[in-house]
Amino acid sequence: MSQEKLPRVMPAVARNYIAKILSVYGIGEDSAKSVAELMVRADLLGGDGHGLFRLPSYVKRLKAGGYNINPSIAIDRDNGGAVRVDGDNAMGHLVVRQCVEIAMERAAKHGVAWVGCHHSNHAGIAGSYALMPTEKDMVGIYVAVGSANHMAPWGGTDLLLSTNPIAIGVPGGEDGPVLLDMATTEVAYGKVKLAAQRGETMPEGWMIDAQGNPQTDPTNTTGGSLLPIGGAKGYGLALMFGILAGTLNGAAFGQDLVDFNSDFETTTNTGQFIIVADVKCFMDPSLFRSQIDQIRREMTSSPLRPGFDSIRLPGERSLRLEQERTGNGIPLRPELLTALRPVSEAAGVPALETWI
């Protein structure tokens, strides 16, 4: 079914729906609204594997006691521009948002700030956190340890690495910010889960089995390894991001990583970090923004190679999609609505389709 024919839910309605369900399972009103806002922004940006799609698994973890529903998220190491936060096993969206807020505050004082965390959880789409500083004329660089190991080291078969994404947000001028948001694997595992929910096959190049053969069935990925971007280079990035976001923060990495998709009780001790740089410490922000617009024009005005109809900057599609979905609503596939119905019923909340 084309997206034009799908029912749509407006962002405010989706946020209210999510917050209502989270509150049923003990998440405080303000926290539920905060998580809901970030989940919906994932859908607005086109990260459909990190928005409403994730609600059933978050609810499973809440019901199993895998989250601390009354956390005390706090700084436990403070060196001015370098800070570590103890997430106290809260929902990851709450932990990372607080890290970003601390990093922006410290960057305003020190020019640059690095804030890492441990005992966090899956926090959704990376790009939303990298974009937050751009609204204050700051650059945001966000890195996370993924929430399950789906990739083997280059040349190996043991699944010891996750998708370990990075997102970089840069403020722009009239044409808006520039956003790079990518996994270190050819595809984020959320897209594999989406393909399984939708009854689709995976294209070759996403995943291989232990013998190195293409794996295309998203419902049978046991033992399969996602492929890193750029071969051994992507493996190297995943390894280093895992060390910086995981090991350096005292968070899980490698064999210690808990599979968030199948174990809903064990504390995941997820690690993330955000680096924020205040543009005004390097140059005039208005000049910087105008130069970003000029760079955009230079890149997109290049003559096209055969087979291409346009040149985009990283994140351009997502940011345009956010504008479109903000005005017209988030499309709801039948498979998603089906997955959400039992969640609504168990929480005593009307099904999402009745909110439209």
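All residue numbers in this chain count up from 1 along the given sequence. Note that these values count all heavy atoms, side chains included, but never hydrogens, waters or copies made by symmetry.
Between the side chain of Thr326 and the backbone N or O of Glu322 there is at least one donor-acceptor pair closer than 3.5 Å. Looking only at distances, a side-chain donor or acceptor of Ser23 sits under 3.5 Å from a matching main-chain atom of Lys20. Not one N or O on the side chain of Thr201 forms a donor-acceptor pair closer than 3.5 Å with the backbone of Asp217. Between the side chain of Asp209 and the backbone N or O of Gly212 there is at least one donor-acceptor pair closer than 3.5 Å. The backbone N or O of Leu45 sits less than 3.5 Å from a side-chain atom of Ser318, completing a donor-acceptor pair. Within the 3.5 Å criterion, the main-chain N or O of Ala245 finds a donor-acceptor partner in the side chain of Asn249. For the pair Ser128 (side chain) and Ile125 (backbone), a donor-acceptor distance under 3.5 Å is present. One N or O on the side chain of Thr134 and one on the backbone of Leu131 form a donor-acceptor pair closer than 3.5 Å. Looking at Gln215, its side chain does come within 3.5 Å of a backbone N or O of Asn220 through a donor-acceptor pair.
For the atom pair OG1 of Thr219 and NZ of Lys193, the computed distance is 12.5 Å after rounding to the nearest 0.5 Å. Remark: Gln323 CD to Leu319 CG distance equals 7.5 Å, nearest 0.5 Å. Distance OG1/Thr185 to NZ/Lys191: 10.0 Å, rounded to 0.5 Å. Atom CD of Glu298 sits about 10.0 Å away from atom CD of Gln291, to the nearest 0.5 Å. Note that CG of Leu239 is 9.0 Å distant from CE of Met151, once rounded to the nearest 0.5 Å. Separating the CG atom in Leu248 from the CH2 atom in Trp114 is a distance of 6.5 Å, to the nearest 0.5 Å.
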* To do: Could you please spell out the steps behind the side-chain contact (heavy atoms from CB on, under 4.5 Å) verdict for Val13 and Ile356?
  => CA-CA 8 Å; Val13 175; Ile356 300 173; over 6 Å; no

* salt bridge (charged side-chain N to carboxylate O under 4.0 Å, His left out) between Arg106 and Asp78, intermediate numbers included -> CA-CA 11 Å; Arg106 298 302 176 92; Asp78 190 342; 2.8 Å; yes

* To do: Go through Arg8 and Glu324 one step at a time and tell me if the salt bridge (charged side-chain N to carboxylate O under 4.0 Å, His left out) criterion holds.
  => CA-CA 12 Å; Arg8 289 180 175 244; Glu324 187 274 324; 3.2 Å; yes

* Could you give me the CA-CA distance, side-chain angles and deciding distance for Phe253 and Ser162, then say whether side-chain contact (heavy atoms from CB on, under 4.5 Å) is met? => CA-CA 9 Å; Phe253 178 54; Ser162 190; over 6 Å; no

* To do: Check the pair Tyr25 / Ile21 against side-chain contact (heavy atoms from CB on, under 4.5 Å), numbers first and verdict last.
  => CA-CA 7 Å; Tyr25 294 102; Ile21 288 180; 4.2 Å; yes

* Audit row: Ile208, Asn213, side-chain contact (heavy atoms from CB on, under 4.5 Å) steps and yes/no -> CA-CA 5 Å; Ile208 56 173; Asn213 301 311; over 6 Å; no

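Phe241 and Val276 fall into different hydrophobic clusters, where Ile, Leu, Val, Met, Phe, Trp and Tyr are joined by side-chain heavy atoms under 4.5 Å apart, directly or via other members. Linking Ile, Leu, Val, Met, Phe, Trp and Tyr whenever their side-chain heavy atoms come within less than 4.5 Å puts Val100 and Met39 in one cluster. The hydrophobic cluster containing Leu52 also contains Val59, counting ILVMFWY residues as joined when their side-chain heavy atoms lie under 4.5 angstrom apart, directly or transitively. By the criterion of side-chain heavy atoms lying less than 4.5 angstrom apart, applied directly or through intervening Ile, Leu, Val, Met, Phe, Trp or Tyr residues, Leu44 is not grouped with Leu6; the two fall into different hydrophobic clusters. In the hydrophobic clustering of this structure, Val112 groups with Val279; members are Ile, Leu, Val, Met, Phe, Trp, Tyr whose side-chain heavy atoms approach within less than 4.5 Å, directly or through other members.
The shortest heavy-atom contact between Ala19 and Ala32 is O-CB, 3.7 Å. In this structure, Ala277 and Phe282 approach most closely via the heavy-atom pair CB-CE1, 4.2 Å. Between Thr184 and Ala238 the shortest heavy-atom distance is OG1-CB, 3.3 Å. Here the shortest heavy-atom pairing between Leu352 and Leu340 reads CD2-CD1, 3.8 Å. In terms of heavy atoms, Pro11 sits closest to Gly329 at CD-CA, 4.4 Å. Across every non-hydrogen atom of Asp88 and Ser72, the tightest pair is OD2-N, 2.8 Å.
With no hydrogens or angles considered, a side-chain donor-acceptor pair links Asn89 and Asn121 at under 3.5 Å. Side-chain contact check for Asp263 and Thr266: at least one donor-acceptor pair (N or O, by modelled atom type) lies under 3.5 Å. With no hydrogens or angles considered, a side-chain donor-acceptor pair links His118 and Asp76 at under 3.5 Å. A donor and an acceptor atom, one from each side chain of Thr267 and Asn269, are nowhere located under 3.5 Å apart.
A perpendicular orientation is assigned to the rings of Tyr17 and Trp355, their planes being inclined by more than 60° (bins at 30° and 60°).
Taking 4.5 Å as the limit, some side-chain heavy atom of Leu313 sits within range of a side-chain heavy atom of Glu316. You'll find the side chain of Arg341 reaches within 4.5 Å of the side chain of Leu337, heavy atoms only. The closest side-chain heavy-atom distance from Val349 to Val24 is below 4.5 Å. At a threshold of 4.5 Å between non-hydrogen side-chain atoms, the residues Asn261 and Tyr189 count as touching. When side chains are defined from C-beta on, Phe53 does not count as touching Leu55, because their heavy atoms never get closer than 4.5 Å. Counting heavy atoms from C-beta outward, Ile102 and Cys99 have side chains that stay 4.5 Å or more apart. With contacts defined as side-chain heavy-atom distances shorter than 4.5 Å, the pair Asp48/Ile330 does not qualify. By the 4.5 Å heavy-atom criterion applied to side chains, Val96 and Ile274 are not counted as neighbours.
A salt bridge between Lys136 and Glu101 is absent, with no side-chain N of the basic residue lying under 4.0 Å from a carboxylate O of the acidic one. The residues Arg289 and Asp137 are annotated as salt-bridged, a charged nitrogen and a carboxylate oxygen being separated by less than 4.0 angstrom. By the 4.0 Å N-to-carboxylate-O rule, Arg54 lies too far from Asp43 to be salt-bridged with it.
For Glu37, the side-chain hydrogen bond (donor to acceptor under 3.5 Å, both in side chains) partners at least two apart in sequence or on another chain are Arg97.
Between His93 and Tyr58, the distance separating the two ring centers is shorter than 6.0 angstrom.
Heavy atoms of other residues, nucleotides or ligands lying less than 6.0 angstrom from CD of Gln294 number more than 12. For Arg297, the CZ atom sits in a packed shell: over 12 heavy atoms of surrounding residues, nucleotides or ligands are nearer than 6.0 Å.
In this structure, Val258 shares a hydrophobic cluster with no other residue, the cluster being traced through Ile, Leu, Val, Met, Phe, Trp and Tyr side chains under 4.5 angstrom apart.
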